[in-house]
Student: 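Starting off with a structure, shown below.
Naming: A, B, ... by sequence-line order, numbering from 1 per chain. What you see is a predicted model, and the numbers here were worked out from it, not measured in a lab.
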There are 2 protein chains.
Amino acid sequence: MNLQNEVLDKRRLVRLKQIKEVLKLYLQKKNYRNTPERYMILEEIYLLDGHFNVDDLYLIMLNKKYHVSKATIYNTIEMFLDAGLIRRHQFGEKNNISTSYEKSYFDMQHDHLVIYKQGSDREIVEIIEFCDPRIQQIKTSIAEAFGVEIENHSLYLYAHRKNES
Amino acid sequence: MNLQNEVLDKRRLVRLKQIKEVLKLYLQKKNYRNTPERYMILEEIYLLDGHFNVDDLYLIMLNKKYHVSKATIYNTIEMFLDAGLIRRHQFGEKNNISTSYEKSYFDMQHDHLVIYKQGSDREIVEIIEFCDPRIQQIKTSIAEAFGVEIENHSLYLYAHRKNES
DNA sequence: TTCATTGCAAAGCGTTTGCAGTCAC
DNA sequence: GTGACTGCAAACGCTTTGCAATGAA
């Protein structure tokens, strides 16, 4: 068990190093500067599990040693999106639409099953990630049918738990 | 040609009458009041083709005889969503995410292919509606796999036109 | 030294809220 | 007559912007 955790921690560190390398190359290519803020924000995002929003990130970094302004976080997130280091999500369909993000570099593209609390159309109790190959088939068909190149997609399924009876 | 237009206009009028009946029944069931504003907004939405946002609707109604406040439009749209009379969309993925709506009563559920201007990740040039049966299959599989009831989904494909060369 | 980047505070913008007046029932 | 609904203006929350100060190259 301890050994397993050690292995996981080691892998996490290796990945942190890799992802910073990816950022470095991106900054180089774009002729942007290597600021410590950018690397700290990237590190924080890649230490996080699951989804986060700008405020989450801001507060987490406040509680640690490193203070970064929200303006910088917004700018940096925009850049990371462009770099493909993170993805943006809009969970919630009715209203209470909230923007969140997740790291994307090591993960495969996946979609989301959003489960609402019983009797509510707004309160989300769980978000499950899934991957179905048929979505790729759809993309291929539609790309061919309309003569376009599809770079990207977003699929959300909205559900409630089945009534146990 | 004239005859054809007349037929189309007649059909449109019949549908307007039908959809107002649907609203009336909904209001009855929910014990809400039959205000002229609600019927005017519904009529305006069902005369429109394609997608609209709150501001569009507000301005269109200003330019006609009927003035309705934005607060009322927001309230009413919330109600229409609940009634299933309209659907909400969030087009645009990177940023410039904008909320829009479309009538939904007579249309079948469909998905959207969002085409960006060449070289831009933000400027949308066209939104094509499509319908692929495989999405239904995915919903059925996922519902079964996770033991949930899927009420709804949203699928957007993001694309650029192919380079003609 | 230079200019991209940061941080702060102010501005923007779409949406919501509070409340007084209105009108459906 | 009563309370649901409307309209207005103010408030809200998230995001962007302007600008002076900083620090990477």
Side-chain angles (χ1 to χ4, degrees), chain A residues 20 23-42 44 51-59 61-62 65-83 86 88-101 121-122, chain B residues 20 23-42 44 51-62 64-83 86 88-101 121-122:
Chain A
K20 286 183 183 175
L23 175 57
K24 193 176 159 191
L25 290 172
Y26 173 84
L27 294 173
Q28 238 161 49
K29 198 183 72 188
K30 292 274 189 171
N31 259 62
Y32 295 156
R33 292 187 175 170
N34 281 295
T35 69
E37 287 79 6
R38 288 169 178 171
Y39 286 94
M40 285 311 296
I41 293 170
L42 185 71
E44 220 45 69
H51 306 102
F52 62 92
N53 61 35
V54 170
D55 221 57
D56 294 338
L57 201 52
Y58 177 74
L59 291 175
M61 296 189 76
L62 252 195
K65 57 282 163 188
Y66 217 87
H67 170 71
V68 185
S69 75
K70 281 197 185 179
T72 300
I73 294 182
Y74 276 106
N75 287 335
T76 306
I77 273 186
E78 216 52 53
M79 204 188 77
F80 286 0
L81 280 172
D82 179 63
I86 58 176
R88 190 201 296 270
H89 291 292
Q90 297 278 131
F91 293 116
E93 23 139 46
K94 286 284 157 70
N95 25 29
N96 94 313
I97 290 160
S98 66
T99 302
S100 62
Y101 306 86
D121 275 342
R122 306 187 176 205
Chain B
K20 285 182 183 176
L23 175 57
K24 194 175 157 193
L25 290 173
Y26 172 84
L27 294 174
Q28 241 162 44
K29 196 183 73 187
K30 292 275 192 173
N31 260 63
Y32 295 156
R33 292 188 173 169
N34 281 294
T35 68
E37 286 81 5
R38 288 169 177 171
Y39 286 95
M40 287 310 297
I41 293 171
L42 185 72
E44 221 45 69
H51 305 103
F52 62 92
N53 61 35
V54 169
D55 222 56
D56 294 338
L57 201 52
Y58 177 74
L59 291 175
I60 288 169
M61 297 189 76
L62 254 195
K64 296 200 177 177
K65 56 282 161 187
Y66 216 88
H67 170 71
V68 184
S69 75
K70 282 198 183 175
T72 299
I73 294 182
Y74 277 106
N75 286 334
T76 306
I77 273 187
E78 215 52 52
M79 202 187 78
F80 287 0
L81 280 172
D82 179 63
I86 58 176
R88 189 201 296 270
H89 291 293
Q90 297 278 130
F91 293 117
E93 24 140 43
K94 286 284 157 70
N95 26 28
N96 96 313
I97 291 162
S98 66
T99 301
S100 63
Y101 305 87
D121 275 340
R122 305 186 177 208

Student: Taking only nitrogen or oxygen atoms into account, show me every contact under 3.5 Å that the protein makes with nucleotides 19-21 of chain C, one pair per line with its distance.
Tutor:
none

Student: Are any non-hydrogen side-chain atoms of Gln28(A) and Leu25(A) less than 4.5 angstrom apart?
Tutor: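 Result yes, sub-4.5 Å side-chain heavy-atom pair found.
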
Student: Would you mind building the protein contact string for nucleotides 8-15 of chain C? One character per nucleotide, 5' to 3', B for base within reach (heavy atoms under 4.0 Å), S for sugar-phosphate only, - for untouched.
Tutor: B-----SB

Student: Using side chain to side chain donor-acceptor pair (under 3.5 Å) as the criterion, list what pairs up with Tyr26(A), not counting sequence neighbours.
Tutor: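 Partners of Tyr26(A) by the side chain to side chain donor-acceptor pair (under 3.5 Å) criterion, ordered by chain and then number, come out as Asp82(A).
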
Student: Measure from CE on Met40(B) to P on dT6(D) and round the result to the nearest Å.
Tutor: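 Distance, rounded to whole Å: 13 Å.
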
Student: I'd like to check His67(A) versus Met40(A) (side-chain heavy atoms, cut-off strictly below 4.5 Å). Are they in contact?
Tutor: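 The answer is no; the side chains never approach within 4.5 Å.
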
Student: Given side chains that start at C-beta, do those of Gln90(A) and Thr99(A) come closer than 4.5 Å, heavy atoms only?
Tutor: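 Yes, at least one pair of side-chain atoms sits under 4.5 Å.
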
Student: Atom CD of Gln28(B) and atom P of dA4(D): how far apart are they, to the nearest Å?
Tutor: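 After rounding, the reported distance stands at 18 Å.
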
Student: Shortest non-hydrogen contact from Asn53(B) to Tyr101(B)?
Tutor: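 In terms of heavy atoms, the two residues are closest at CA-CD1, 4.4 Å.
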
Student: How far does CD1 of Ile86(A) sit from OG of Ser100(A), to the nearest 0.5 angstrom?
Tutor: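 Rounded to the nearest 0.5 Å, the CD1-OG separation comes to 10.5 Å.
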
Student: Using every non-hydrogen atom in the two residues, find where Leu23(A) and Phe80(A) come nearest and quote the distance to one decimal.
Tutor: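 Closest heavy-atom pair between Leu23(A) and Phe80(A): CD1-CE1, 3.8 Å.
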
Student: Got Glu44(A) and Tyr39(A) here, is their nearest side-chain heavy-atom distance under 4.5 Å?
Tutor: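 When only atoms from C-beta onward are counted, Tyr39(A) and Glu44(A) do not touch, as no gap falls below 4.5 Å.
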
Student: Taking the side chain as everything from C-beta on, heavy atoms only, tell me whether Met61(B) gets closer than 4.5 Å to Glu37(B).
Tutor: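 Of all side-chain heavy-atom pairs linking Glu37(B) with Met61(B), none is under 4.5 Å.
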
Student: Provide, to the nearest angstrom, the distance between the CE atom belonging to Met61(A) and the P atom belonging to dT6(C).
Tutor: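 Distance, rounded to whole Å: 11 Å.
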
Student: What's the CG-P distance between Leu27(B) and dT6(D), to the nearest Å?
Tutor: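 Rounded to whole Å, this separation is 10 Å.
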
Student: When the distance from CD1 of Ile73(B) to C1' of dT16(C) is rounded to whole Å, what number comes out?
Tutor: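 For the pair Ile73(B) CD1 and dT16(C) C1', the rounded distance is 15 Å.
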
Student: So what is the end-to-end bend of the helix from dT1(C)-dA25(D) to dC25(C)-dG1(D), with 5 pairs used at each end and the value given to 10 degrees?
Tutor: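 Roughly 30°, once rounded to the nearest ten degrees.
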
Student: Write down the distance between CD1 (Ile41(B)) and C1' (dT6(D)), rounded to a whole number of angstrom.
Tutor: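 The distance from CD1 of Ile41(B) to C1' of dT6(D) comes to 10 Å, rounded to the nearest Å.
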
Student: Would you kindly give the OH-to-C1' distance between Tyr66(B) and dT6(D), to the nearest whole Å?
Tutor: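 Spelled out: OH on Tyr66(B) to C1' on dT6(D) is 10 Å.
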
Student: Between side-chain atoms of residues 68-77 of chain B and protein atoms elsewhere (two or more places apart, or another chain), which donor-acceptor pairs fall under 3.5 Å?
Tutor:
from, atom 1, to, atom 2, distance (Å)
Ser69(B), OG, Thr72(B), N, 3.2
Ser69(B), OG, Thr72(B), OG1, 3.0
Lys70(B), NZ, Asp55(B), OD1, 2.5
Asn75(B), ND2, Ala71(B), O, 3.3
Thr76(B), OG1, Thr72(B), O, 2.6

Student: Should Met79(A) and Lys30(A) count as side-chain neighbours, where that means a heavy-atom distance under 4.5 Å?
Tutor: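 SC-SC contact between Met79(A) and Lys30(A) ruled out.
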
Student: Counting distance only, does the side-chain N/O of Arg38(B) pair as donor-acceptor with the main-chain N or O of Arg33(B) below 3.5 Å?
Tutor: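 Yes.
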
Student: Can you measure Tyr39(A) atom OH to dG23(D) atom C1' for me and round it to whole angstrom units?
Tutor: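 Value for this atom pair: 16 Å.
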
Student: Under 3.5 Å, which protein N or O atoms sit close to an N or O of nucleotides 22-25 of chain C? Give each pair with its distance.
Tutor:
from, atom 1, to, atom 2, distance (Å)
dA24(C), N3, Arg33(B), NH1, 3.3
dC25(C), OP1, Asn34(B), N, 2.8
dC25(C), OP1, Asn34(B), ND2, 3.2

